[in-house]
Amino acid sequence: MIRFLPFETNSMKAFEGENEVGYCSFSIDGFVMTFNSLVAENNDSIITEGLIRSAMNYAANRGAYISKVEKGISQQMFEFLGFKGDEVLSAEIPEVLTSGCGCSHNK
């Protein structure tokens, strides 16, 4: 089972059993959260999506409404989840959190 847990201030870690398999950090400024880094073991899409959603839920519980992605972070999963933009990808957190999962499970 994969668990996503907050770690220190404004970061999230993914664990499979006792092993850390992913990490992301973000900042919250008013109603905007910005992803600063995101790393998932073997670029696993389930871990990546879980980190994104967990971090956004954490930020939403602290008043954030918009989520942005810094340049330099792989943007494929963010685009899949509905982030849009030319220079900077962004999305409304409630829309992403209520969308279906990006995993390959039958719905």
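Computed from a predicted model, the values in this text were never measured in an experiment.
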(message) For Val88 versus Val69, what's the shortest heavy-atom pair and its separation?
(response) CG1-O, 3.8 Å
(message) Do Arg53 and Ser99 pair up side chain to side chain, a donor and an acceptor below 3.5 Å, judged on atom types alone?
(response) yes
(message) Are the side chains of Ile66 and Met33 in contact, using a 4.5 Å heavy-atom criterion?
(response) no
(message) Distance check, rounded to the nearest 0.5 Å: Ile52 atom CD1 versus Phe26 atom CZ?
(response) 12.0 Å
(message) Is there a path of hydrophobic side-chain contacts, each under 4.5 Å between heavy atoms of I/L/V/M/F/W/Y residues, joining Leu38 to Val96?
(response) yes
(request) Could you pull out the closest heavy-atom pair between Glu70 and Gln75, with the gap in Å? (result) O-NE2, 4.3 Å
(message) Hydrophobic cluster membership, with links at side-chain heavy-atom distances under 4.5 Å among I/L/V/M/F/W/Y: are Met56 and Phe80 in one?
(response) yes
(message) Starting from Val32, can I reach Ile73 by hopping between I/L/V/M/F/W/Y residues whose side chains sit under 4.5 Å apart?
(response) no
(message) Any non-hydrogen side-chain atom of Val21 less than 4.5 Å from a side-chain atom of Asp44?
(response) no
(message) Do Met77 and Phe83 make a side-chain contact, defined as non-hydrogen atoms from C-beta onward lying under 4.5 Å apart?
(response) no
(message) Could you report the tightest heavy-atom contact between Met12 and Ser54, atom names first, then the distance?
(response) CE-O, 3.6 Å
(request) Hey, could you give me the CD/CD1 distance between Glu16 and Ile46, rounded to the nearest 0.5 Å? (result) 10.0 Å
(message) Distance check, rounded to the nearest 0.5 Å: Leu89 atom CG versus Lys71 atom NZ?
(response) 10.5 Å
(message) Do Asp29 and Thr34 have side chains that approach each other closer than 4.5 Å (heavy atoms only, starting at C-beta)?
(response) no
(request) Could you tell me the separation between the CG atom of Leu51 and the CZ atom of Phe35, rounded to the nearest 0.5 Å? (result) 8.5 Å
(message) To check you understand the geometry: which heavy-atom pair defines the closest contact between Ala14 and Ile47, and what is its length?
(response) CB-CG2, 3.9 Å
(request) Check Gly82 against Ala91 and note the closest heavy-atom contact, atom names and distance. (result) O-CB, 4.2 Å
(request) Check whether more than 12 heavy atoms from other residues, nucleotides or ligands sit under 6.0 Å from atom CD of Glu20, and answer yes or no. (result) yes
(request) Determine whether the aromatic ring centres of Phe31 and Tyr65 lie less than 6.0 Å apart. (result) no
(message) Which heavy atom of Lys13 sits nearest to which heavy atom of Phe15, and what is that distance?
(response) CB-CE1, 3.6 Å
(request) Rounded to the nearest 0.5 Å, what's the gap from CD on Glu18 to CZ on Arg3? Could you check? (result) 6.0 Å
(request) For the residue pair Asn10 and Tyr58, establish whether any side-chain heavy-atom pair is separated by less than 4.5 Å. (result) yes
(request) Enter the distance from Ser27:OG to Lys68:NZ here, rounded to the nearest 0.5 Å. (result) 10.5 Å
